[in-house]
Amino acid sequence: MVTEFKKGLANDGEVIAMLPSYVINRPTGSEVGVYLALDLGGTNFRVCRVNLEGYGNMRLTSAKYTISDELKTGPGEKLFEFLADCVAAFCKDYGLDPTGDSIPMGFTFSFPCKQIAIDKGMLILIKAIVNDTVGTLIAHAYSDPQTYISVILGTGTNAAYVEKVANIRKWGSGSGEVIINTEWGAYKEASILPITHWDNALDRKTTNPKQQIFEKMISGMYLGEIVRLILIDLIKSGELFNGVGSQLLEEPYHFDTAYMSRIERDHSLGLSDTKQVLEDVMGVVNSSIDDRRIVKHVCELVGTRAARLAAAGVAALVTKINRLDACTVAIDGSLFEHYPHFGNRMRDALRELLGITAQNILLEQARDGSGQGAALIAALV
Ligand code: BGC
């Protein structure tokens, strides 16, 4: 991975894109003031008022506005007019007076943009994306200056980190540092990744085959589907449910990753909650205790592999930036937050990879990088 990171820093168009974010400062924790942050995602638009209080403390108030389908598919001007109306309404409701002193504003725009400066980006195409990692890093660094890396482990996965400009060969020369959005989910080195035929089967049926392979082995969007494919094979070979499947089990993506969490959390003697999930979600009645143990074990294997691969990515980044002595990794996303043992499995893998120095690497839960991070970036600019 380190080799691929370096390639991405040297040239455009490499597998791991290593996109410079143009965020060249990290917060010190002493920034103060009132800022607005806008967060435009797939379905909602969020406006936040962020009060930076110094000493690494901040307060955030926010309101959500729904983007109608008409706005989503209509002309850009209409969308941006709507966004402006929301900001105006928010200011009124929350007692901000933008006609007085101007209020600096940051904008988390969760669509793929080729950034050309800190306040300029060109929209490339609409799909899920880019700089939530950068927001997460900045937001966490406000209260913990040792934060050099951030990771998203949710529906998708990605990481950002602090790089020396001098190391970004595709930029020519330069000094100082900049946050790089790695887009590590694109990593796909088949000679290194433990890719199984279930991974390949899943990949073939996606809209972006042969891409985002690392992400497809790690993130919440796919883990349940990998488990489903394995279970189907176990049924076919007669090792599960007496060889009898169900119609629901045949439906792609019907087994959501959240059910893996539930099953992994089931420590009851008869695995009763697992039985419930199998019945309610998969339409499998009459599972035996052995069946349920097998299903739980498959979830453990797929979930553990995901955590260990994510940890391998973290180990690669820490090594790349030479921060084995002290580094906080800010991690956001539903997998890290809600999937049982995910963090500890990552910590175990880090210890195996880095030995005793792994204790210097802190994996910490981060939240709301899009809101807090955008406001902070506005403050830094
Ligand atoms: C996207 C990244 C994003 C990550 C986490 C991935 O699918 O490619 O840009 O940071 O999901 O949300």
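Each ligand, and each atom within it, is numbered from 1 in the order the structure gives. By convention here, the first residue in the shown sequence is residue 1.
- Taking each of Thr182, Asn158, Val134 in turn, the one with a heavy atom nearest to atom 4 (C) of ligand 1 proves to be Asn158.
- Within ligand 1, counting atoms from 1 as listed, the ones closer than 4.0 Å to a heavy atom of Ile152 are 5 (C), 12 (O).
- The shortest N or O to N or O distance between Asp132 and ligand 1 is below 3.5 Å.
- Evaluated for a side chain to side chain contact (heavy atoms under 4.5 Å, CB included) with Val151, the options Val314, Thr136, Leu317 yield exactly one hit, Val314.
- Listed by number with element, the atoms of ligand 1 under 4.0 Å from a non-hydrogen atom of Glu183 are 1 (C), 2 (C), 8 (O), 9 (O).
- Checking Arg292 against Thr274 by side-chain atom types alone, no donor-acceptor pair falls below 3.5 Å.
- At a 3.5 angstrom cut-off on N or O pairs, Glu215 counts as close to ligand 1.
- Exactly one of Arg347, Arg345, Arg308 qualifies for a salt bridge (charged side-chain N to carboxylate O under 4.0 Å, His left out) with Glu352. That residue is Arg308.
- Checking Lys170, Lys320, Arg26, Lys6 one by one against Glu163, the salt bridge (charged side-chain N to carboxylate O under 4.0 Å, His left out) holds for a single residue, Lys320.
- Cation-pi check for Arg49 over Tyr94 is not met; the charged atom does not lie both under 6.0 angstrom from the ring centroid and within 45 degrees of its normal.
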